[in-house]
There are 2 protein chains.
Amino acid sequence: MLQQYINSHRESFNAYMMGLIEKENIPNELKESMLYSLSVGGKRLRPIILFAVLETLGLDAKKGYPTAAALEMIHTYSLIHDDLPAMDNDDFRRGKPTNHRVFGEAIAILAGDGLLTHAFRIICQDNGLTDMQKLQLIAHLSEAAGPTGMVAGQVLDMEAEQKQLTLDQLKEVHLHKTGCLIEFSVAAAGIIAGISQELLQDLRQFAKHIGLAFQIKDDILDVEGERELIGKDVGSDMENGKNTYVSLATLAGAKTLLDEEINASSVILDKIPYDTTLLMAIARFIKERQS
Amino acid sequence: MLQQYINSHRESFNAYMMGLIEKENIPNELKESMLYSLSVGGKRLRPIILFAVLETLGLDAKKGYPTAAALEMIHTYSLIHDDLPAMDNDDFRRGKPTNHRVFGEAIAILAGDGLLTHAFRIICQDNGLTDMQKLQLIAHLSEAAGPTGMVAGQVLDMEAEQKQLTLDQLKEVHLHKTGCLIEFSVAAAGIIAGISQELLQDLRQFAKHIGLAFQIKDDILDVEGERELIGKDVGSDMENGKNTYVSLATLAGAKTLLDEEINASSVILDKIPYDTTLLMAIARFIKERQS
């Protein structure tokens with residue numbers, strides 16, 4: 001069911017998002033580089049979450065397209081910079097050469113900078129929202145993606161390479177590195193729908209749990225997944241001595257933690273006065289995905 | 001006189017801007033890296049222009065501090081990324097080691113990303129402005145700094161290394177690479193002061209001229225300047241075969257072009273119904289500076 005939902009949005013959202021870059025007067029190579037990484041799209045998890053929350057709250061998912069595009073651009077910039085030789089030095093992502101392998105390091109850095117900056121412009125240009133909503137979105141997004149959010153997570157992750165973390169410390173890394181943007185995808189839908197602060201808080205808690213669940217599942221897939229499906233060598237995290245939920249808590253322990261996060265997310269959904277079937281499906285998808 | 005004006009703002013503005021980073025919960029090394037490059041401040045040209053336009057329009061310069069800090073953060077991020085090994089590979093800037101020489105490439109990339117992202121948050125948090133003003137500022141800033149503005153200029157500049165440009169093409173590079181942010185510094189003051197579109201257009205034209213004048217003077221100083229004052233070897237652009245106003249138009253030709261831009265900026269100031277003494281002084285400073 002969720003796959004159907006994802007498919008129903010993928011094509012139109014991708015076309016919309018690419019159009020936001022294609023229509024601009026951007027130097028050719030830079031534009032190609034930005035479009036390349038945007039199009040090597042994975043699951044579009046963050047946009048899908050945003051759409052699902054919007055529809056749960058009774059709004060048309062299309063009302064979230066501009067914000068979701070901004071969000072996906074920021075997610076994509078973070079992957080481009082993350083893959084750079086000075087950072088993770090990855091040659092492949094999702095089975096395709098990374099941006100700097102195709103366009104060179106300089107253009108890759110600038111494509112990342114360009115996507116990050118353009119994201120804020122896209123929210124400004126969204127005619128379907130009030131000024132106050134746009135400002136709230138920009139304030140939240142700049143906090144989630146910035147030096148107290150995602151960028152902090154990146155630094156914490158790098159620092160963690162030198163030492164063994166506790167489970168709590170690993171959780172802290174993920175809450176920043178990936179959690180902040182996933183939380184934004186939920187909070188953004190709440191801002192667009194104009195819900196109460198109380199409901200917004202509940203939804204943010206839901207986002208925290210599924211964000212952590214997503215990371216735990218990632219670590220489990222690194223051990224149990226199939227190479228063809230996950231797009232990288234199985235066991236590569238273990239070999240690199242990375243801090244993972246599996247290395248810190250054993251495989252069985254990681255599966256228990258995954259169950260706990262998914263259960264906690266369900267408990268929150270149960271008390272929300274809306275039909276949460278779609279959000280339940282997302283939580284289940286995160287738990288059961290094979291890639 | 002202008003030096004006095006610059007001095008009167010430098011200390012309080014610097015303290016204000018540093019405080020915006022210091023107060024945040026940012027991982028230590030990242031925070032130090034961001035503060036390092038912010039504190040290796042040069043002339044603070046863009047903030048000074050913003051303050052001068054505000055005061056010309058009858059407002060207190062302090063009303064522009066948040067926007068000027070955002071602007072300076074974005075300018076600083078662009079210098080950090082620009083200096084990276086994959087880009088210009090510079091070891092020194094303003095006589096001090098570049099960010100990646102002190103903190104390593106990974107942190108330098110992330111410090112740049114952090115400053116860029118945080119800039120937008122700072123505008124959101126400015127309590128002295130209306131929502132509409134903040135959104136206008138963010139829309140302008142993201143356009144000026146993004147893939148159709150400053151980032152485009154960076155790409156055009158890189159592409160220019162492979163070929164000889166015409167004077168018009170060189171102008172195009174500079175209008176993007178440095179012109180867009182200088183134009184923003186003037187436009188931002190106009191938005192904060194709430195001036196008419198017509199006056200805003202005039203001021204933007206003024207900014208375009210002094211922005212180009214600034215670049216022409218840079219190229220002249222590369223030939224005529226004193227090493228101690230300009231902080232790099234005299235003649236280094238020439239040696240590197242760079243496209244400069246001097247290499248394309250001769251030294252005498254560049255001086256004529258500089259005069260033309262300064263004169264054009266004066267003509268605009270003459271028709272503005274305000275006391276433009278301070279803005280005149282800025283134009284003169286740009287023309288006569290020795291560093």
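Per chain, numbering begins at 1; letters A, B, ... match sequence-line order. Predicted, not measured: the structure shown is a model, and the values here were computed from it.
- The two residues B:Ile74 and B:Ala119 make their nearest non-hydrogen contact at CG1-CB, 3.6 Å.
- Contact count versus chain A (heavy atoms, under 4.5 Å) is highest, among B:Ala145, B:Pro85, B:Cys124, for B:Cys124.
- In this structure, the side chains of A:Glu29 and B:Met158 stay at 4.5 Å or more apart for every pair of heavy atoms.
- Contact annotation for B:Leu84: only side-chain heavy atoms (C-beta onward) come within less than 4.5 Å of a heavy atom of chain A.
- With a threshold of 4.5 angstrom between heavy atoms, A:Met132 approaches chain B through its backbone and through its side chain.
- Comparing B:Lys31, B:His100, B:Met87 by heavy-atom pairs within less than 4.5 Å of chain A, the highest count is held by B:Met87.
- Taking chain B as the reference chain and counting heavy-atom pairs below 4.5 Å, the highest number among A:Glu105, A:Glu143, A:Gln154 is found for A:Glu143.
- At a cut-off of 3.5 Å, with distance as the only test, a side-chain donor of B:Ser33 or B:Asn99 sits close to an acceptor on the other residue.
- Counting all heavy atoms, side chain and backbone alike, A:Ala189 lies closest to A:Leu50 at CB-O, 3.6 Å.
- Closest approach of A:Pro97 and A:Val102 over heavy atoms only: CB-CG2, 3.8 Å.
- The most heavy-atom pairs under 4.5 Å with chain A, out of B:Leu110, B:Thr130, B:Ile26, B:Ile21, come from B:Leu110.
- Shortest non-hydrogen contact noted between A:Phe120 and A:Leu116 is CD1-O, 3.4 Å.
- Options A:His118, A:Gln136, A:His81 differ in how many heavy-atom pairs under 4.5 Å they form with chain B, and the most are formed by A:His81.
- Heavy atoms of B:Met34 lying under 4.5 Å from chain A belong exclusively to its side chain.
- Contacts with chain A were tallied for B:Gly104, B:Gly146, B:Gly114; B:Gly114 has the most, counting heavy-atom pairs under 4.5 Å.
- Ranked by heavy-atom pairs under 4.5 Å with chain B, the first of A:Asp131, A:Thr148, A:Asp113, A:Val151 is A:Asp113.
- Checked for salt-bridge contact, B:Glu183 and B:Lys208 meet the test: a charged N lies under 4.0 Å from a carboxylate O.
- Within the 4.5 Å cutoff, no side-chain heavy atoms of A:Gln215 are placed close to those of A:Lys171.
- Both the backbone and the side chain of B:Leu135 come within contact range of chain A, judged by heavy atoms closer than 4.5 Å.
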